[in-house]
Structures are given as structure tokens and as C-alpha cells.
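Here is the structure we will look at, set down as C-alpha cells.
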Amino acid sequence: VGNETILVVDDSRVERKIIRDYLIPQGYDIIEAPTIKSALQLMAEKKPDLIILDLILEDGNGLDLCKTLKQDSDTLKIPIIMITGHNEKNARIQGLESGADEFLIKPVDRGELLARAKSLLKIKGYYEYMLMKDHYEQLEGLVQERTFQLKRTLEKLQSANEHISDAYKDSLYRLSIAAEYRDDDTAGHIKRIRLYCDVIGEQLGLNSKFREIMYATSALHDVGKIGIPDSILLKPGKLNKEEWDIMRRHTTIGSKILGGANNIFLQTAETIALTHHEKYDGSGYPCGLRGEHIPLEGRIVAVADVFDALTSKRVYKPIYSIDDSLRIIKEGSGTHFDANVVEAMFKRVVEIRDIRAASEQEYFINKIV
Ligand SMILES: [Fe+2]
């Protein structure tokens, strides 16, 4: 039975005592009120688990109190036992209308009172248990639903960040073409840079996702050249200091063009655009980053880009042979370039040579893209 509280509302002190004496030995807590007013006051302080209510009270009718309590969602679920006299014939019908749960006739029989009280409290307890169970199940369901939604959102974000459509890759490629458009050998340069980076990345043990991203973005390294005037970009011969300062800006312009994106492809492209002229010894630009502070993708593109520039004819320089170009790269290992990247390149030098040589032939270009 526990500590269930029963409110006894009866104007007769004697009647209240009788009922109290029946109930207290059963372990119930009893609170008593002689009037409707005092009953409502008591209930404001402590909500009972059961109410035993006399029909006739000093300040009104028990039926009215019953009706009031059953119309209030706060007290609706508290079971009520109405006590009626023999001669109150219509009370039972009125009691039903007012929402009382049980009726007992005076003089109240102890066994009957205890049985009814116990039964009503049991029903109430069960009802509360079911409510609580429902509530917890709802909560549990809600938590599961929220967790599910969160997971889906995370997956969506993840896939938005990692997945890239062919159309998107194609757009990146076309942006690379736009960036290199003023160069004679645009398509060749883009393809070679991609392949050099891929071979070096594979040799370095980089995973296929990283290599896929590098493949799609490495040729965007010079996208910032869109912002460099032709008079500088296409100037034959050496640039003066002012021109060179402007030329260097293609790194920061590129990172601005590609910056602020929410996917790993453009983020990588931005990094490459910004860092592909940094040097391992810290003497590069635009930030003078040193060693492994230079992102790996920037270090890889640095080697690929310089090798490709050396082996290509540019307005400001003649073509170097592949052997001479490789020698120059090797000389820059550990100073200009990351020695590990150079080492990876030389371990795959046969393929690097093949890419350069084959690039001269158009059929090969058609084959690889
Ligand atoms: Fe560049």
C-alpha cells in the first residue's frame, strides 16, 4: 500500500474518526477536511491519491465538489468515493453524473470501504504507470527519432562534403581551362599536373579518396592567374620587382576565388592555389610557410608544377630536357621541395617520363581523359 494519501471530507468529526481508524492501520496517510473550502485548501498543498467525500457538507454539496474536481484536469484522475445516506435516493444517480467512482452507504462498512479504496488506488496506480510508460516510450521514441535525424543530417553533410558529381568535376576541369587559357598548352598542362600528382600520391601511399580529390583540383593551382594582367603574364623575359609582386598574387587571388566552400574538393583546391609556391625551407610565397606547415597537397603540386614548367616552353624560358628538369628538381630536394615528395617522384620516374613524353602526342591526351 505504501504512503498513499487519502483525503476524508466530512463535516462530522465522529464519521471522520471512524473512517480514519479503518484506514490508518492499512498504512494510508490520512488528511481530513470538514468543509469544501478546507478540502480545496488542503488539496492545493498536497494532492491526495483518493478522496472519500460525504454528500452533505456545511458549506455545500459533496456532488458539486465532486463535479468541480472531475472537471479539472489536475484532479480529474483522483478517484472519489461518495458516502451517501439511506434516504438520499437520487444521490447515486446524481453522483454518477458528477463523476464519482464509487458509492458507499452509511454506516460505512469497514471491509467494503477498504476493498473499494484498495481497488480504486490500484486502478489509479496502474493508470499512472501506463501514463508514465507511455511517456517514457514517447520520450524514448523521440530520442530515437532525434538520433536518427541527427545521423541522417551528419551523413548528408558528410556526403555533401565528400561526394562530388561528374558534372561538378567537369566544372572544376573547365575552371582549370579558364585559368590556363592564355597558356599555349592548356589541356596538356592540366592533364600532366593531374597525372604527376596522382603517381606521386600513389607512391606516397595516399588513399584513393585523397588522390581523387587531388586529381580533380591540382590543375586549379593557377586559377588566380585570371586576375593577373596579360602584360605581366605573357611578358617575354624576366619580370621586374613590381611585376613579380603582382604575379605572386595569383596564389592569394586563387584562394579567394576558391575559398569559403563547404566541400573538401574546393577546400583542397583553395589550399593548393594558396600554397603551391611555398618552399620547404620557408623561402616561398605568399606566406613563407616552412616544412610540414605547408599542406601536403601544396608540396606535391609544387614539385609537379615546377617539373612541368621546366619541361614546357614558356614565354619567359626555353624548354629544359626531362633529364635537366629532373636534375633541377633533385637539387631542390629538401630546400625548395619536400624530400619525401621528390623521392616518391623519382621512384616512379619511368612513369613521370612517360607522361611527359606521351603528352606530346594528341592520341594519348584523348585516351586519358
Ligand atoms: Fe602558380
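Note that ligands are numbered from 1 as they come in the structure, with each ligand's atoms numbered from 1 the same way.
When the salt bridge (Lys or Arg N to Asp or Glu O under 4.0 Å) test is applied to Asp64, no partner is found at least two apart in sequence or on another chain.
Counting only protein N, O or S atoms, 4 lie closer than 2.8 Å to the Fe ion (ligand 1).
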Could you give the side-chain donor-acceptor pairs of residues 334-342 under 3.5 Å, partners two or more places apart or in another chain?
residue: Thr335; atom: OG1; partner: Gly332; partner atom: O; Å: 3.1
residue: Asp338; atom: OD1; partner: Asn340; partner atom: N; Å: 2.9
residue: Asp338; atom: OD2; partner: Arg299; partner atom: NH1; Å: 2.6

Listing, residues 216-224 side-chain donor-acceptor contacts under 3.5 Å, not counting sequence neighbours, or none:
residue: Thr217; atom: OG1; partner: Ile213; partner atom: O; Å: 2.7
residue: Ser218; atom: OG; partner: Met214; partner atom: O; Å: 2.8
residue: His221; atom: NE2; partner: His189; partner atom: NE2; Å: 3.3
residue: Asp222; atom: OD1; partner: His250; partner atom: NE2; Å: 2.8
residue: Asp222; atom: OD1; partner: His276; partner atom: NE2; Å: 2.9
residue: Asp222; atom: OD2; partner: Lys225; partner atom: NZ; Å: 3.1

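Under the 4.0 Å criterion applied to side-chain N and carboxylate O atoms, Asp198 and Arg211 are assigned as salt-bridge partners.
Under 3.5 Å, the side chains of Ser283 and Asp281 contain a donor-acceptor pair of N or O atoms.
Taking both residues in full, the closest heavy atoms of Ile246 and Pro229 are given as CG2-CD, 4.1 Å, listed atom of the first, atom of the second, then distance.
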